[in-house]
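All chains are named by letter (A, B, ...) in the order of the sequence lines, taking the proteins before the strands, and each is independently numbered beginning at 1. Every value quoted in this text rests on a predicted model; they were computed, and no experiment measured them.
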Amino acid sequence: MKNTEKAPPVSNFIRNIIIEDIKANKNDGRVITRFPPEPNGYLHIGHAKSIVLNFGLAKEFGGRCHLRFDDTNPTKEEVEYIEAIKEDVKWLGYDWGEHLYFASDYFEKLYEYAEELIRRGKAFVCDLSPEEIREYRGTLTEPGRESPYRNRSVEENLDLFRRMRAGEFPDGSRTLRAKIDMSSGNLNMRDPVIYRIMHVPHHRTGDKWCIYPMYDYTHCLSDSIEGITHSICTLEFEDHRPLYDWVLDQLPVPCHPQQIEFARLNLTYTIMSKRKLMKLVETGVVSGWDDPRMPTISGMRRRGYPPAAIRQFCEKIGVAKRDSVVDIGLLEFCVRDELNRTADRVMGVINPVKLIIENYPEGESEELEAVNNPEDPSAGTRMVPFSRELYIEREDFMEDPPKKFFRLAPGREVRLRYAYFVTCTGFKKDEDGNIVEIRATYDPATKGGDSPDGRKVKGTIHWVSAPHAIKARVRLFDRLFSVPAPERVKEGGDFTDFLNPDSLTVLDGCMLEPGLKDAAPGYVCQFERRGYFVVDEKDSVPGSPVFNRIVSLRDSWARIEKQRQQEEARKNKQKSGRKRKR
RNA sequence: UGGGGCGUCGUCAAGCGGUAAGACACGGGUCUUUGGAACCCGCAUUCGCAGGUUCGAAUCCUGCCGCCCCAGCCA
């Protein structure tokens, strides 16, 4: 058994920078990072990449990672999100210890810094309207024009700024702007707004403030106040780095952290934009932020993805600056890899059909021993009941099978896992031609699944004793989108055009091993030969669990079948082609 | 002649002047009481393109080409 989490860290450019910094004794060798979410939505797998990176780096180099909420815009933020985000980070396996912070904790300090900026002639109060500011900013190719209010005296600026704070002016009437360079090719440097008036209560500071600092001004100073050494963010902030550095260069700050940008995570068949995820929730396409099909941390938790698998995935994808799209198959691989080692095995029939053992005495039953996890002997064994009437998987029987089909068919012998060899003697159909019952005889000498005469059998199928089985609801999930890049929509189109209509299948007649009756919410197991399942946290009731499929098992039979069908289709095409030519 | 980034296998990704790691996917095989897992083998003579420097270039230089981001009082 391998422990994949002990794999050596993958080299990446940020880690290399930190290694060099430590070598040069920069920051006295300290490594302090931070994960700075805005509490305006739920965390998703893209955030997990950042969390694993920031907390992982801190841990590897003996430093620490702060959790800081970037809560400078009260119109968009809610406390609900704060608690959800904390829970998600904890669940992923990370601990910020004492270091839980809020940008809003620094509002007073930030305000003082702003006055200092004014005193140093580096900021001014501007009376331009939002529209005018946009006009004055210029365009991507043309320089902007200086605001007519740019050269107010320090005294006037100070007075106006204090009155802004005091609430004397309405929303949008004035701003505090940094005085940098209206002709800069970098729009962020064209006298950016650093404070705006918003007569809106804040979820933490209440009515104390009616002016709120902007991200660019707040983030660098918050980093500095906390003594952050490496401020890691995503690529779209690359253009903001000059402003990050500018602010810190103007002020008597404790330290000057280094901002480093990396490419955000994109996943095939998935959307990652908070706005779009929010739309799915609000329009009821999914049942909520924690719908098991969502790429949110809470969705994956409910889906049954182990946090270790998500961590493993985030380590494996690497960190670079190139825009990329990771195959969602890699995430699924990580989930299977983790679950294979840790999940109990159990038998559950998703799509049941009756199997009658003709020579097994009616009304009798026995208990057979089954292994709980072949990958982990310490998981032990359990007893499962066996009787004359069983359920097996409908797809494990074929009336007229192709050569490579190793399962049950008329005259064929297979092994019932942990039970007996059985040979199919017949089957019954209803008027519509559906198979309603399969009949077989068993060989009592093969109890446990081994034949004393050394006779081999090609297939082993799972089963459940009909009179003992519990009936349960099982939900199968598929990818939410039917195309690899749902966010790459054509003009006029919408990402919802690509929703997969079959992303959720609810099955109510599934038959499971009786031991599963009282499985606790959150319990994860493998239904042998079918996949990994988790007892849903929300919809299960005691004694009646609802199972979510976490991920299917790799299915090489499905691959063989697909190849065979494609081959067939190809041949048919050739045939009809020849016919047409004649 | 706006600014900032990025181009290494189908998908991620190491590589930092000494002759292309690894993972997923894919293909083949061994084994198997899960068509699972495990194990073995294969999978870029070439790094967007073209020149140049060098004994030697994915790595340095020059020029092209392609893709991404920026005109919120959002973060």
**Student:** Atom CZ of Arg190(A) to atom P of G4(B): distance rounded to whole Å?
**Tutor:**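 To the nearest whole Å, that distance equals 13 Å.
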
**Student:** Classify Ile560(A) by what it touches in the nucleic acid, base, sugar-phosphate, or nothing, heavy-atom distance under 4.0 Å.
**Tutor:**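 Base: the residue Ile560(A), judged by heavy atoms under 4.0 Å, touches a nucleobase.
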
**Student:** State the pairing partner of A25(B); accept Watson-Crick or G-U wobble contacts with both distances under 3.5 Å, and report none otherwise.
**Tutor:**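 Pairing partner: none.
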
**Student:** List for me each residue that meets side chain to side chain contact (heavy atoms under 4.5 Å, CB included) alongside Cys126(A), sequence neighbours excluded, and say none if there are none.
**Tutor:**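 Here the qualifying residues are Phe124(A), Leu128(A), Ser147(A), Tyr149(A), Thr175(A), Arg177(A).
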
**Student:** What is the pairing partner of G2(B), taking Watson-Crick or G-U wobble pairs with both distances under 3.5 Å in any strand?
**Tutor:**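 Its partner is C70(B) (Watson-Crick or G-U wobble, both distances under 3.5 Å).
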
**Student:** Look at the side-chain N and O atoms of Arg530(A) and state whether any lies under 4.0 Å from the OP1 or OP2 oxygen of G36(B).
**Tutor:**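 The answer is no; no side-chain N or O of Arg530(A) sits under 4.0 Å from OP1 or OP2.
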
**Student:** Under 4.0 angstrom, heavy atoms only, what part of the nucleic acid is Glu261(A) near: base, sugar-phosphate, or nothing?
**Tutor:**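 Result for Glu261(A) = nothing.
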
**Student:** In whole angstroms, how far is the P atom of C31(B) from the NZ atom of Lys456(A)?
**Tutor:**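 Spelled out: NZ on Lys456(A) to P on C31(B) is 11 Å.
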
**Student:** So Arg177(A), base contact, sugar-phosphate only, or nothing? Heavy-atom distance under 4.0 Å.
**Tutor:**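 The answer is nothing, as Arg177(A) stays clear of every strand by at least 4.0 Å.
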
**Student:** For Arg488(A), report the nucleic acid contact type (base, sugar-phosphate, nothing); a contact means any heavy atom under 4.0 Å.
**Tutor:**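 Sugar-phosphate contact only - Arg488(A) comes under 4.0 Å of backbone atoms but never of a base.
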
**Student:** If you measure from the P atom in G10(B) to the same atom in G48(B), how many Å do you get, rounded?
**Tutor:**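 Going atom to atom, P in each nucleotide, I get 13 Å.
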
**Student:** Work out how far the P atom of G36(B) is from that of A50(B), and round it to whole angstrom.
**Tutor:**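 These two P atoms come out 44 Å apart once rounded.
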
**Student:** Could you give the CZ-to-C1' distance, from Arg554(A) to C39(B), as a whole number of Å?
**Tutor:**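 The answer, rounded to whole Å, is 13 Å.
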
**Student:** Ignoring backbone atoms, establish whether Thr141(A) has a side-chain N or O less than 4.0 Å from OP1 or OP2 of G3(B).
**Tutor:**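 So the side chain of Thr141(A) is outside the cut-off, no N or O lying under 4.0 Å from OP1 or OP2 of G3(B).
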
**Student:** What do you reckon, are the aromatic ring centroids of Phe421(A) and Tyr442(A) less than 6.0 Å apart?
**Tutor:**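 No, too far apart.
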
**Student:** For atom P, what is the distance between C55(B) and C65(B), given to the nearest Å?
**Tutor:**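 My reading of the P atoms in C55(B) and C65(B) gives 32 Å.
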
**Student:** In this structure, how many angstroms lie between the P atom of G35(B) and the CG atom of Leu408(A), rounded?
**Tutor:**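 In whole Å, G35(B) P lies 14 Å from Leu408(A) CG.
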
**Student:** According to the interplanar angle, ranging from 0 to 90°, do the rings of His240(A) and Tyr215(A) count as parallel (below 30°), tilted (30 to 60°) or perpendicular (above 60°)?
**Tutor:**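 Rings of His240(A) and Tyr215(A): perpendicular, over 60°.
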
**Student:** A58(B) pairs with which nucleotide, Watson-Crick or G-U wobble, both distances below 3.5 Å?
**Tutor:**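 Across any shown strand, A58(B) pairs with none.
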
**Student:** Looking only at the aromatic ring of each residue, does the gap between the centers of Phe237(A) and His219(A) stay below 6.0 angstrom?
**Tutor:**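 Between His219(A) and Phe237(A), the centre distance exceeds or equals 6.0 Å.
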
**Student:** Give a yes or no on whether Arg382(A) atom CZ has more than 12 heavy-atom contacts from other residues, nucleotides or ligands under 6.0 Å away.
**Tutor:**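 Counting neighbours around CZ of Arg382(A), more than 12 heavy atoms of other residues, nucleotides or ligands fall under 6.0 Å, so yes.
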
**Student:** Once each nucleotide of nucleotides 12-20 of chain B is scored for protein heavy atoms under 4.0 Å, what B/S/- sequence comes out, 5' to 3'?
**Tutor:** SBSSB----

**Student:** Tell whether Arg336(A) reaches the base of G36(B) with its side chain through a donor-acceptor pair below 3.5 angstrom.
**Tutor:**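 No, the side chain and the base share no sub-3.5 Å donor-acceptor pair.
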
**Student:** Does Gln563(A) put a side-chain nitrogen or oxygen below 4.0 Å from OP1 or OP2 of G27(B)?
**Tutor:**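 Indeed, a polar side-chain atom of Gln563(A) lies that close.
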
**Student:** Quantified in whole Å, what is the C1' atom distance between nucleotide A44(B) and nucleotide U11(B)?
**Tutor:**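 Each nucleotide's C1' atom is 14 Å from the other's.
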
**Student:** Would you mind reading off the distance between Asp337(A) atom CG and C39(B) atom C1', rounded to a whole angstrom?
**Tutor:**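 Distance, rounded to whole Å: 15 Å.
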
**Student:** Provide, to the nearest angstrom, the distance between the CZ atom belonging to Arg564(A) and the P atom belonging to G35(B).
**Tutor:**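 The answer, rounded to whole Å, is 18 Å.
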
**Student:** Would you say the base of G4(B) and the side-chain of Asn186(A) have a donor-acceptor pair closer than 3.5 Å?
**Tutor:**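 No, no donor-acceptor pair under 3.5 Å.
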
**Student:** Over how many whole Å does the gap from Leu243(A) atom CG to G3(B) atom P extend?
**Tutor:**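 Rounded to the whole Å, the gap is 19 Å.
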
**Student:** Taking the C1' atom of each, how far is G15(B) from C9(B), in whole Å?
**Tutor:**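 Pairwise C1' distance, G15(B) against C9(B), rounds to 15 Å.
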
**Student:** Cut-off 3.5 Å, side chains only: do Glu261(A) and Gln259(A) have a donor facing an acceptor?
**Tutor:**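 Side-chain D/A pair, Glu261(A) to Gln259(A): present.
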
**Student:** Spell out, as yes or no, whether a donor-acceptor pair under 3.5 Å connects the side chain of Glu393(A) to the backbone of Ile350(A).
**Tutor:**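 It does hold such a pair.
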
**Student:** Distance check needed: U34(B) C1' versus Leu553(A) CG, whole Å only.
**Tutor:**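 The answer, rounded to whole Å, is 7 Å.
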
**Student:** So which of Ile232(A), Leu67(A), Asp70(A) actually passes side-chain contact (heavy atoms from CB on, under 4.5 Å) with Arg34(A)?
**Tutor:**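 Going through Ile232(A), Leu67(A), Asp70(A) one by one, the side-chain contact (heavy atoms from CB on, under 4.5 Å) with Arg34(A) is satisfied by Ile232(A) alone.
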
**Student:** Closest approach to the side chain of Phe333(A), judged atom by atom: which nucleotide of G36(B), C24(B), U34(B) is it?
**Tutor:**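 Ranking G36(B), C24(B), U34(B) by closest atom to the Phe333(A) side chain puts C24(B) first.
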
**Student:** Can you tell me the base-pairing partner of A38(B)? Count Watson-Crick or G-U wobble geometry only, both distances below 3.5 Å, and say none if there is no partner.
**Tutor:**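 With both distances under 3.5 Å, A38(B) matches U30(B).
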
**Student:** What's the base orientation of G72(B): syn (chi within 90° of 0) or anti?
**Tutor:**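 Syn, which is what one calls it when the glycosidic angle falls within 90° of 0.
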
**Student:** At under 4.0 Å between heavy atoms, what does Pro242(A) touch on the DNA or RNA strands: base, sugar-phosphate, or nothing?
**Tutor:**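 Nothing: the residue Pro242(A), judged by heavy atoms under 4.0 Å, touches no strand.
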
**Student:** Taking only nitrogen or oxygen atoms into account, show me every contact under 3.5 Å that the protein makes with nucleotides 71-75 of chain B, one pair per line with its distance.
**Tutor:**
{"residue": "A71(B)", "atom": "O3'", "partner": "Arg137(A)", "partner atom": "NH2", "Å": "3.4"}
{"residue": "A71(B)", "atom": "O2'", "partner": "Arg137(A)", "partner atom": "NE", "Å": "3.1"}
{"residue": "G72(B)", "atom": "OP2", "partner": "Arg137(A)", "partner atom": "NH2", "Å": "3.2"}
{"residue": "C73(B)", "atom": "OP1", "partner": "Arg137(A)", "partner atom": "NH2", "Å": "3.4"}
{"residue": "C73(B)", "atom": "OP2", "partner": "Arg137(A)", "partner atom": "NH1", "Å": "3.0"}
{"residue": "C73(B)", "atom": "N3", "partner": "Gly172(A)", "partner atom": "O", "Å": "3.4"}
{"residue": "C73(B)", "atom": "N4", "partner": "Leu128(A)", "partner atom": "O", "Å": "2.9"}
{"residue": "C73(B)", "atom": "N4", "partner": "Pro130(A)", "partner atom": "N", "Å": "3.2"}
{"residue": "C73(B)", "atom": "N4", "partner": "Gly172(A)", "partner atom": "O", "Å": "2.8"}
{"residue": "C74(B)", "atom": "OP2", "partner": "Arg196(A)", "partner atom": "NE", "Å": "3.1"}
{"residue": "C74(B)", "atom": "OP2", "partner": "Arg196(A)", "partner atom": "NH2", "Å": "2.7"}
{"residue": "C74(B)", "atom": "O3'", "partner": "Arg196(A)", "partner atom": "NH2", "Å": "3.2"}
{"residue": "C74(B)", "atom": "O2'", "partner": "Asn73(A)", "partner atom": "ND2", "Å": "3.1"}
{"residue": "A75(B)", "atom": "OP1", "partner": "Thr72(A)", "partner atom": "OG1", "Å": "2.6"}
{"residue": "A75(B)", "atom": "OP1", "partner": "Arg196(A)", "partner atom": "NH1", "Å": "3.3"}
{"residue": "A75(B)", "atom": "OP1", "partner": "Arg196(A)", "partner atom": "NH2", "Å": "3.0"}
{"residue": "A75(B)", "atom": "OP2", "partner": "Tyr215(A)", "partner atom": "N", "Å": "3.0"}
{"residue": "A75(B)", "atom": "N6", "partner": "His240(A)", "partner atom": "NE2", "Å": "3.2"}

**Student:** Using atom C1' in both nucleotides, what's the gap between C67(B) and C60(B) to the nearest angstrom?
**Tutor:**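 The answer is 24 Å between these two C1' atoms.
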
**Student:** When the nearest nucleotide of RNA chain B is assigned to Tyr532(A) and to Arg415(A) on a heavy-atom basis, which residue is associated with the more 5' position?
**Tutor:**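 Comparing both residues, the 5'-ward one is Arg415(A).
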
**Student:** Could you work out the separation of C64(B) and G3(B) based on their P atoms and round it to a whole Å?
**Tutor:**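 Rounded to whole Å, the distance is 14 Å.
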
**Student:** Could you check whether the side chain of Glu375(A) and the base of G36(B) have a donor-acceptor pair of N or O atoms closer than 3.5 Å, going by distance alone?
**Tutor:**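 Under the 3.5 Å cut-off, the side chain and the base do form a donor-acceptor pair.
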
**Student:** Partner of G7(B) by Watson-Crick or G-U wobble geometry, both contacts under 3.5 Å, or none?
**Tutor:**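 With both distances under 3.5 Å, G7(B) matches C65(B).
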
**Student:** Strictly distance-based, threshold 3.5 Å: is any side-chain N or O of Thr460(A) a donor or acceptor partner for the main-chain N or O of Arg415(A)?
**Tutor:**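 Pair absent, no side-chain N/O of Thr460(A) close to backbone of Arg415(A).
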
**Student:** Using the side-chain contact (heavy atoms from CB on, under 4.5 Å) definition, which of the options Lys404(A), Arg529(A), Lys562(A) pairs with Trp557(A)?
**Tutor:**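 Only one of Lys404(A), Arg529(A), Lys562(A) forms a side-chain contact (heavy atoms from CB on, under 4.5 Å) with Trp557(A), namely Lys404(A).
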
**Student:** Taking Tyr217(A) for its side chain and Ala114(A) for its backbone only, find out whether a donor-acceptor pair lies under 3.5 Å.
**Tutor:**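 Checking the backbone N and O of Ala114(A) against the side chain of Tyr217(A), a donor-acceptor pair under 3.5 Å is found.
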
**Student:** By the 4.0 Å heavy-atom rule, please label Lys458(A) as base, sugar-phosphate, or nothing.
**Tutor:**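 Nothing, no nucleic acid heavy atom in range.
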
**Student:** Between Leu416(A) and Ile461(A), is there a side-chain heavy-atom distance shorter than 4.5 Å?
**Tutor:**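 In short, these two side chains touch, coming nearer than 4.5 Å.
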
**Student:** Taking the six-membered ring for Trp, is the centroid-to-centroid distance between Tyr420(A) and Phe386(A) below 6.0 Å?
**Tutor:**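 Yes: the rings meet the under 6.0 Å criterion.
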
**Student:** Between G52(B) and A14(B), how far apart are the P atoms? Round to whole Å, please.
**Tutor:**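 Going atom to atom, P in each nucleotide, I get 31 Å.
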
**Student:** Mind checking Phe405(A) for me? I need base, sugar-phosphate or nothing, with any heavy atom below 4.0 Å counting as a touch.
**Tutor:**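 Base contact.
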
